[in-house]
Visitor: 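Just passing along the structure, written as structure tokens.
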Amino acid sequence: MIPKVFLRYYRANTAVLVRDYCDKRKALWMGALVFYTDTTFEDSSVPMTYEGNDIRGGFVSSAAFVPGSRLVVVIDGMAFLHVLNSPTWVPVQGQRQFVTDVSTLHCCIDKEDWNCKKICNTVLLYNKASALDHQEVLLSNDGGYSFITMPLTSSAKEFLVGIYVVPTLASMVALVVDSDKRFFFRHATPEDSSRRSDTYPLKDDLGLVQVIQVEGMKGHLVIWSPHMVLYSPNNGMVIVPVSEIEKENGNLPPPGLTVCDVATADTGVLAVITSDGGLYYGRLSLEAAVIKFPSRILSDMSRMVFFFDQYGDLLILQPSTFEQHPVSFNKDKMGVQEQLSHTTPAVIACPVERFSGNFDGKLFYIDIGGFVNMIVVYVPVPLCPFFPVVTLTNAEALIAHETIVEDGVTAEGFKKFLIDIDVRQLVTATGNRQNKVLSTITVDLMERKFSCNDLNPQKAHVISGCPPSKQIRVMRNTTACTRGTFTEEQLQDDFSYTIPKEVYDPELQFRPNMAKEDLTIKYSYTDFLCPLLVYHNIPWRPTFELWEGDTFVEFVKADFVMFEAHGMHNYQYLQTAKVAKCVSQPQDWISMLANQINPDPNTAWTSHNYRGCNDYNGPPLTNPNAEYQVLNKDSKNRIVFSNYNGMYIFKAVVVDPTYSYCSLTTTFTVYVYGAFPARILPSVVSTGIFVALFTVLLWIGYLLRQNLDFFHKCVTEHPTSQSDKH
């Protein structure tokens with residue numbers, strides 16, 4: 001019989017709430033037992049159980065939601081992947097050592113975006129409070145199915161508190177404690193390990209230190225333990241204490257008290273509850289300050305958790321009883337605005353009537369040379385010298401220019417202001433093309449007052465990388481359908497055509513005389529539409545259009561190369577290296593394919609390995625008569641087809657690395673026409689026949705000439721006799 005084990009939090013005297021921030025209805029309440037909900041505990045819930053022989057105690061030390069309605073749960077030092085609402089529990093692959101904690105980051109901007117999926121699928125496992133030099137941090141890029149050991153920079157007598165994914169720095173950050181019991185943040189990747197924050201004294205056992213990555217990927221971190229609450233606005237590089245306003249030495253917690261729990265939300269709000277039931281409320285921006293609410297929490301704190309709802313109010317959650325299953329949960333609501341109206345000192349009225357933007361919560365891409373424009377409208381109350389502030393999580397990648405202008409008057413007579421924000425890249429296109437850094441731009445109220453509860457910061461996320469909808473298309477002026485060579489009905493029915501063995505290379509290395517038989521190709525109108533029509537005797541080059549979604553951007557003005565999809569090589573290029581004025585030996589398809597172990601023209605020549613022939617540091621120009629196989633809309637280079645009528649399927653690749661982060665490619669067809677029929681006989685034989693025929697004609701002409709001369713002579717010498725005969 002398979003044993004059934006009830007799961008419970010390993011610190012039974014403390015309750016913890018684990019939430020899925022992309023679907024906030026899903027959560028775990030972890031305490032004396034572990035409960036799961038997909039209704040934010042509006043309905044009753046049954047305790048979670050594990051069925052199997054892999055665990056004994058059933059003590060959960062950490063859990064996290066991952067994509068696909070799954071959980072990664074650490075039970076008795078082993079990590080499991082659990083499919084929600086099912087009995088499925090699978091041990092993760094790759095774990096060899098004892099672990100205590102799982103770390104993830106939720107990206108809720110766009111679940112279909114590749115970069116967002118990558119962030120969500122990154123999962124870390126580690127053994128909290130263990131020595132770094134004996135630590136094996138495990139990394140998963142597939143949502144927790146399998147893990148590999150992550151290289152971690154460490155030194156003797158350092159201990160790990162936690163490690164966290166930081167997409168706005170394209171890195172990971174570790175919280176480390178040294179031998180003097182001081183802690184600091186350090187970049188966890190070997191290439192960035194020298195970057196670290198200042199050190200701070202550890203006031204509690206390092207196993208009690210908690211780090212909250214505030215929702216929204218703004219780089220905000222809250223570090224807390226029973227005797228400290230700290231805040232970092234920039235992923236741990238700067239750390240400041242959280243203090244109560246108008247209190248001398250008002251750092252939390254107050255003397256003689258401890259911190260029981262901390263709650264945050266993506267709107268930048270912060271709540272701290274202390275051991276006397278005191279509740280402190282504040283907002284996270286460039287700094288963190290809190291004010292004490294007049295009400296106190298009187299519930300059993302060992303069973304209680306609290307969190308912010310969608311309206312910014314606090315919900316206090318605790319189970320009614322454990323004696324019966326399923327278990328119902330009690331919710332008590334504390335209105336933030338009501339509490340603020342009774343605080344001491346009194347909270348002054350919000351100095352802003354309106355604060356909104358056209359970009360909040362959106363994801364933007366900035367390609368090479370691109371920018372993003374954002375607009376914020378705000379209306380301050382009269383005589384209020386108030387201005388918003390713009391912050392970036394990654395000032396090494398982006399720069400923001402703000403322009404503030406007066407934009408009319410509201411119906412109430414208040415002046416309306418408009419902030420025009422222009423966001424551009426600082427890095428050049430020659431940087432790391434693979435490093436798609438996500439940055440978060442936040443516009444907040446610099447002097448935000450506690451009463452501005454409904455005016456949330458405006459934030460957007462920007463990725464320096466390829467916009468997913470960017471593409472190129474071949475321009476279609478004249479096609480074989482418009483000229484009547486093919487009808488669309490013919491193409492829609494699909495047809496086959498044959499490539500002679502003399503003109504293609506089956507190994508796609510574009511070498512002559514490689515094929516042993518003709519190749520039959522089935523043409524698909526669905527895939528290729530109507531082919532372009534090209535006269536064989538006119539040098540030709542296609543023109544490409546750049547599109548973003550359904551919007552035309554421009555004609556492609558970057559260098560590109562082309563190859564025929566079936567290895568056809570019966571065409572040449574108009575220019576040589578000398579004519580193209582190359583100063584170094586240009587790249588070509590043969591040499592680029594020779595650099596690959598498994599030659600593949602789809603990957604052999606791209607923007608990642610392109611080198612222009614105007615590079616004086618390139619290989620010397622040893623063959624100036626070599627074909628120059630790079631094309632450009634503004635260059636004179638062209639393709640010249642041989643005396644051949646037939647179909648070509650070309651793939652074009654933009655290779656200029658300064659044009660776009662995207663791998664811009666497109667496939668299209670060309671029908672070449674107008675060539676003379678091929679000779680049936682070899683040229684030597686046909687020349688011999690022509691010479692022989694010409695000789696025979698000359699001989700016949702000579703004989704005819706002789707007969708005419710003889711007849712003329714006869715008539716001249718015997719005219720009378722001829723007359724008598726008549």
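On a predicted model such as this, the values are computed, not experimentally measured, just so you know.
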Visitor: Between Phe560 and Phe544, is the gap from one ring center to the other below 6.0 Å?
Guide: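 Ring centres of Phe544 and Phe560 closer than 6.0 Å.
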
Visitor: Report yes if the SG atoms of Cys22 and Cys107 are separated by under 2.5 Å, and no otherwise.
Guide: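 Cystine link not detected, SG atoms outside the 2.5 Å cut.
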
Visitor: Using every non-hydrogen atom in the two residues, find where Val653 and Thr606 come nearest and quote the distance to one decimal.
Guide: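 Looking at all heavy atoms of both residues, the shortest contact is CG1-CA, 4.3 Å.
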
Visitor: Is a donor on one side and an acceptor on the other found under 3.5 Å between the side chain of Gln458 and the backbone of Asn456?
Guide: yes

Visitor: Which residues pass the salt bridge (Lys or Arg N to Asp or Glu O under 4.0 Å) test with Arg25, not counting sequence neighbours?
Guide: Asp23

Visitor: Counting the benzene-type ring for Trp, do His461 and Phe364 have ring centres under 6.0 Å apart?
Guide: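 Judged by ring-centre distance (under 6.0 Å), His461 and Phe364 do not meet the cut-off.
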
Visitor: What pairs with Asp142 under side chain to side chain contact (heavy atoms under 4.5 Å, CB included), at least two apart in sequence or on another chain?
Guide: Ser140, Tyr145, Ser146

Visitor: Does atom CG of Asp527 have more than 12 heavy-atom neighbours from other groups under 6.0 Å away?
Guide: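 Check passes, neighbour count above 12.
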
Visitor: Residues two or more places apart in sequence or in another chain: which of them pass salt bridge (Lys or Arg N to Asp or Glu O under 4.0 Å) with Lys24?
Guide: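 Applying salt bridge (Lys or Arg N to Asp or Glu O under 4.0 Å) to Lys24 gives Glu215.
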
Visitor: Only counting residues at least two apart or in another chain, list the ones meeting side chain to side chain contact (heavy atoms under 4.5 Å, CB included) with Ala558.
Guide: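 Ala558 satisfies side chain to side chain contact (heavy atoms under 4.5 Å, CB included) with Val556, Val654, Asp656, Tyr659 only.
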
Visitor: Please say whether more than 12 non-hydrogen atoms of neighbouring residues, nucleotides or ligands are located less than 6.0 Å from CZ in Phe371.
Guide: no

Visitor: Please enumerate all residues that pass disulfide (SG to SG under 2.5 Å) together with Cys613, with sequence neighbours excluded.
Guide: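 For Cys613 the disulfide (SG to SG under 2.5 Å) partners, ignoring immediate neighbours, are Cys582.
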
Visitor: Report yes if the side chains of Trp605 and Gln629 come closer than 4.5 Å at any heavy-atom pair, otherwise no.
Guide: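 They are in side-chain contact.
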
Visitor: Among pairs that include at least one residue of residues 580-601, which meet salt bridge (charged side-chain N to carboxylate O under 4.0 Å, His left out), considering only residues two or more places apart or in two chains?
Guide: none

Visitor: Using the test side-chain hydrogen bond (donor to acceptor under 3.5 Å, both in side chains), find all partners of Lys470 that sit at least two apart in sequence or belong to another chain.
Guide: Asp367

Visitor: For Ala27, which residues count as a side chain to side chain contact (heavy atoms under 4.5 Å, CB included) partner, sequence neighbours excluded?
Guide: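 Checked Ala27 against side chain to side chain contact (heavy atoms under 4.5 Å, CB included); matches are Leu17, Arg19, Thr37, Phe41.
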
Visitor: For Asp113 versus Asn115, what's the shortest heavy-atom pair and its separation?
Guide: OD2-N, 3.0 Å

Visitor: May I ask you to decide whether Glu158 forms a salt bridge with Arg186, counting only side-chain N to carboxylate O separations under 4.0 Å?
Guide: yes

Visitor: Would you call Asn141 and Thr122 a side-chain contact if the rule is heavy atoms closer than 4.5 Å?
Guide: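 Heavy-atom side-chain distance check passes, below 4.5 Å.
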
Visitor: Describe, in one word, how the ring planes of Phe417 and Tyr378 are oriented to each other, choosing from parallel (under 30°), tilted (30 to 60°) and perpendicular (over 60°).
Guide: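 Ring orientation of Phe417 relative to Tyr378: parallel.
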
Visitor: Going by the rule side-chain hydrogen bond (donor to acceptor under 3.5 Å, both in side chains), which residues pair with Thr669 if we only count those two or more places apart in sequence or in a different chain?
Guide: Tyr523

Visitor: Return the minimal non-hydrogen interatomic distance between Leu81 and Gly143, and the atom names on each side.
Guide: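 What the structure gives for the nearest pair is CD1-O, 3.9 Å.
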
Visitor: Going by side chain to side chain contact (heavy atoms under 4.5 Å, CB included), name the residues that satisfy it together with Gln471, two or more places apart in sequence or in a different chain.
Guide: Arg473, Trp547

Visitor: For residues 549-563, which residue pairs pass the salt bridge (charged side-chain N to carboxylate O under 4.0 Å, His left out) check, not counting sequence neighbours?
Guide: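 Only Glu554-Lys557 qualify under salt bridge (charged side-chain N to carboxylate O under 4.0 Å, His left out).
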
Visitor: For the CD atom on Glu287, are there more than 12 heavy atoms of other groups (residues, nucleotides or ligands in this structure) within a distance under 6.0 Å?
Guide: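 12 or below, so no.
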
Visitor: Using the salt bridge (Lys or Arg N to Asp or Glu O under 4.0 Å) criterion, which residues pair with Asp110? Sequence neighbours excluded.
Guide: none

Visitor: Is the closest basic N to carboxylate O distance between Asp360 and Lys362 below 4.0 Å?
Guide: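 Judged by the 4.0 Å cut-off on N to carboxylate O distance, Asp360 and Lys362 do not form a salt bridge.
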
